[in-house]
Amino acid sequence: MTTTLTGRPAAPGAALALAFALADAPGADQPLPESRQGDVDTEVARLDAALATAGEQLTALAERVAESAGEEEAEIFEAHAEFAEDPELRDQAVEAIGGGLSAERAIVVAFGAFRELLAASASEYLAARAEDLDDVRDRVVALLQGRSVEVEAPTVRSVVLARELTPSRTASLPRELIAALVTETGSPTSHAAILARSLGIPAVVACEGVLAAVETAGDGVEVVVDGRSGEVVIAPDDHLRAEVADRIDAEAARREALGELRDEPGQTGDGHRVELAANLGDPGDLEAAIAAGAEGSGLVRTEFLFQDRTDEPSVDDQVGFYLEVLRAFPGQRVVFRTMDIGADKPLAFVARDPEENPALGLRGIRLHLARPELFRDQLRALVRAHRAAADEDAGRLAVMFPLVAVPSELLAARTLLAAAAEDEGVSLDGVEVGVMVEVPSAAVGARRFAEHVDFLSIGTNDLLQYLFAVDRLNGAVADLADVCDPVALGLIGRVIADGHAGGAWVGICGEAASDPVVAAALVGLGADELSMTRVAIPEVKDVLRSLELERCQRAVHIAMEEGADGREVRALLEEHLGLG
Ligand code: PEP
Ligand code: MG
């Protein structure tokens, strides 16, 4: 009997394959011994062996993931390996063993203390990493108990179903045998979902009841997964099987066809130019961004280049990074966003006092101006990189400032940039300067900012967070911050029009630009550039090339006028753009 369930879409694509239900981590519910059986030295030796093995396993996993999914995804496991090798964590566990606890219990205690320490030192970002800490802790405990942490894997291509998937379990699965992933729990922003997306595996999360349905259907049952709608069908009938097989063939043909667009410019079907650039945060991603057909970068998140460092990068270190990115895009614009430190992006080498509301606190340009030393070094590095790049066939430097709320911040930042250029004896001719529009005051006052810059870049991630008062890290309220809400689209349209009236070009660099329907709406509102996650570029390029500018304009205006909320606006956009 066919059963249809719906979860949350987490990675696009269709799949039809045999079901393979992963058991929960074996023995995970086994009780832990409370007290140490032998002497302290023996117990510490057991602990050290388990920590060392965990570190080695996680480093090997990082290497495997770097090969299959890319450097950026591998960083999760490099960080996991660092947790396992952390001397402070070990010291805490050793102390607990000295106090009479077993190595298993001591490591649980140490991880607990470690988590509290991190959470107290810096913001929500670390809270979001709690699942990573648990993943490493469980591996060490399993090793101490002599349990295997290797995940059982299917031997034929299958839809893998699980109650939950940690990042390391996901990465341990053999990529070529995974047709799709379905979990009972989880959210589309979890690392497992991010990994699935970057591996190109369709995925559905929060699909309650799927394991029981597969068990009831019995061995050898097939499952259809639609990673776009979130629909999961157990024991599909012949009609659906044939339909999905056709869909899978069409998707493969589409991917191949999209590859041919790589060197084509971003534009509408009637030749209206819209630059399609990549958001970058890791030099390891440059090659993949170029392969995806990125036209430069509309957002280099420079703070991400240094997120693994515990000491401040020198000016020369920074010049090296910036030049590497500029060299990857000859003749194209590369927009470096000065370090946006604070709130969800703390950096270990920038000590900050705890804040009650870090998202509303000392972050972005506010931190630059309150503590200008780091900012000055970064500006010097950027202008030096510009001088070096000018002698080569490299990209064109553009600089933009994050989280600006009032024009005086922008003017102060510009003054510091001019001073850095003067100190370095570098001319800023040809260097575009812009401002991120991600605070409602900057959006409403866009015209006043546009007069002082070459460009505005709308950061929809933060703009929606502040516009709708929705913490961008809190999944429970995420649905409210909908870029298709007529208020949000109306505001974005106004920023674009005011930016143009003030003589600036206007781009979008938030996640919203990577959704093809929204991208077409943004073009209809007059956006000159869209910068997005690299994997989205081919699809967005293709969709825009299939649409005339006037159709995008008409669709977005009808949708905003007739749609009462984000859901209705999206449906109207799809209808009037002919996308669905
Ligand atoms: C944004 O806020 O939309 C943005 C692009 O910046 P970040 O996501 O890095 O805060
Ligand atoms: Mg932002």
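Indexing begins at 1, ligand by ligand and atom by atom, following the structure's order. These figures come from a predicted structure and were not determined experimentally.
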Atoms of protein origin (N, O or S) under 2.8 Å from the Mg ion (ligand 2):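 For the Mg ion (ligand 2), the protein N, O and S atoms that sit under 2.8 Å away are Glu438 OE1, Asp462 OD2.
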Any atoms of ligand 1 less than 4.0 Å from a non-hydrogen atom of [X]? List them with their elements.
X: Glu438; answer: 1 (C), 2 (O), 6 (O)
X: Met436; answer: 4 (C), 5 (C), 6 (O)
X: Leu299; answer: 5 (C)

Determine whether more than 12 heavy atoms belonging to other residues, nucleotides or ligands lie under 6.0 Å from atom CD of Glu451.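 Enclosed.
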Kindly check if the number of other-residue, nucleotide or ligand heavy atoms within 6.0 Å of CD (Glu561) is above 12?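 No, not enclosed.
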Indicate, as side chain, backbone, both or neither, the part of Asn279 found under 4.0 angstrom from ligand 1 when only non-hydrogen atoms are considered.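 Looking at Asn279 and ligand 1, no heavy atom falls under 4.0 Å.
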Counting only heavy atoms, which portion of Glu511 has something under 4.0 Å from ligand 1: side chain, backbone, both, or neither?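 It is neither; nothing of Glu511 touches ligand 1.
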Return the orientation label for the Phe375 and Phe401 ring planes: parallel under 30°, perpendicular over 60°, tilted otherwise.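 Correct class here is perpendicular.
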Which residue and non-hydrogen atom of the protein lie closest to atom 7 (P) of ligand 1, and at what distance in Å?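 Result: Arg301 NH2, 3.5 Å.
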Any idea which protein heavy atom is nearest atom 5 (C) of ligand 1, and the distance to it?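 Going atom by atom, the protein heavy atom closest to atom 5 (C) of ligand 1 ends up being Cys509 O, 3.3 Å.
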Cys552 and His272, any side-chain heavy atoms less than 4.5 Å apart: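 In short, these two side chains do not touch, never coming nearer than 4.5 Å.
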Check whether any N or O atom of Glu303, backbone or side chain, sits under 3.5 Å from an N or O atom of ligand 1, and answer yes or no.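 By distance alone, the answer is no.
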Test salt bridge (charged side-chain N to carboxylate O under 4.0 Å, His left out) applied to Glu295 and Arg273, Arg534, Arg396, the passing residue: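 Per the salt bridge (charged side-chain N to carboxylate O under 4.0 Å, His left out) rule, the option paired with Glu295 is Arg273, out of Arg273, Arg534, Arg396.
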May I ask you to check whether Thr533 and Asn279 show a side-chain donor-acceptor distance below 3.5 Å?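 No, no side-chain donor-acceptor pair sits under 3.5 Å.
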Can you tell me if Arg337 contacts ligand 1 (heavy atom of the residue under 4.0 Å from the ligand)?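 Contact check Arg337 vs ligand 1: positive.
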Looking at Arg570 and Asp482, does any basic side-chain N land under 4.0 Å from a carboxylate oxygen?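 The answer is no: the pair does not qualify as a salt bridge.
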Salt bridge check, Glu355 against Arg363: does any charged N sit closer than 4.0 Å to a carboxylate O?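 Looking at Glu355 together with Arg363, the answer is no, because their closest N to O distance does not fall below 4.0 Å.
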Is a donor on one side and an acceptor on the other found under 3.5 Å between the side chain of Ser297 and the backbone of Val334?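 Side chain of Ser297 to backbone of Val334, a donor-acceptor pair under 3.5 Å: no, none is there.
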Looking at Ser408, is its backbone amide N or carbonyl O close enough to the side chain of His452 to form a donor-acceptor pair, meaning the two atoms are under 3.5 Å apart?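 Flag not set: sc His452 to bb Ser408 has no pair under 3.5 Å.
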